[in-house]
Amino acid sequence: MVLVVLDRAGWPISPKLRVPEGVGLVFLPPYSPELQPVERVWSLVDAVVANGQVQTEEELWERVEARCAYLQTQHHLIRSYTLFHRWPGGR
């Protein structure tokens with residue numbers, strides 16, 4: 001069996017949806033940062049990117065890329081945002 005995990009995004013699932021045999025749908029709880037830890041990291045990208053002005057889309061992506069490259073070197077910071085105390089190895 002194949003399971004498809006859905007995150008309950010802002011659009012509804014059609015009641016006409018036909019799920020093929022051998023496929024199951026699993027819905028995450030409405031708010032589940034522990035199941036999608038990267039959701040907590042976006043604020044670290046947004047803070048720098050959103051609080052500035054850019055002239056072009058290319059400049060925006062350059063800022064996003066630069067911020068992501070920086071965050072890749074900040075293991076303790078990322079860990080503090082994504083490793084929940086309830087998880088094995090958590091604090």
Side-chain angles (χ1 to χ4, degrees):
M1 174 174 243
V2 173
L3 294 177
V4 178
V5 179
L6 301 160
D7 67 359
R8 296 189 188 265
W11 54 84
I13 299 274
S14 171
K16 298 177 185 179
L17 175 68
R18 291 185 149 174
V19 179
E21 188 175 323
V23 174
L25 303 180
V26 177
F27 291 92
L28 294 176
Y31 179 73
S32 53
E34 291 91 347
L35 300 176
Q36 294 183 344
V38 73
E39 292 294 332
R40 294 183 49 143
V41 176
W42 294 128
S43 64
L44 297 173
V45 175
D46 289 349
V48 172
V49 175
N51 293 329
Q53 291 183 337
V54 295
Q55 300 301 317
T56 65
E57 183 179 346
E58 182 178 322
E59 185 181 347
L60 172 65
W61 285 115
E62 287 172 2
R63 285 191 184 192
V64 170
E65 289 171 10
R67 183 62 176 173
C68 289
Y70 167 76
L71 290 173
Q72 285 181 326
T73 68
Q74 303 302 307
H75 302 284
H76 292 300
L77 177 61
I78 298 299
R79 186 178 181 94
S80 73
Y81 272 70
T82 60
L83 186 61
F84 297 91
H85 70 277
R86 297 174 290 284
W87 287 5
R91 298 184 216 180

Point to revise | Listed partners of Glu57 passing side-chain contact (heavy atoms from CB on, under 4.5 Å), at least two apart | key: Trp61
Which donor-acceptor pairs under 3.5 Å do the side chains of residues 43-51 make with protein atoms, sequence neighbours left out?
from  : atom 1 : to    : atom 2 : distance (Å)
Ser43 : OG     : Arg40 : O      : 3.3
Asn51 : ND2    : Ala47 : O      : 2.7

Review point. With sequence neighbours left out, what residues match Leu6 under side-chain contact (heavy atoms from CB on, under 4.5 Å)?
Key: Val4, Ile13, Leu25, Phe27
Exercise for review: Kindly give the heavy-atom pair with the smallest separation between Arg63 and Gln53, and that separation in Å.
Suggested key: NH2-O, 3.1 Å
Study note, to complete from the structure: Looking only at heavy atoms, the pair that brings Ile78 and Leu71 closest together is CG1-O, 3.7 Å
Practice item. Measure the CD-CD distance between Glu59 and Glu62 for me, rounded to the nearest 0.5 Å. Key: 7.0 Å
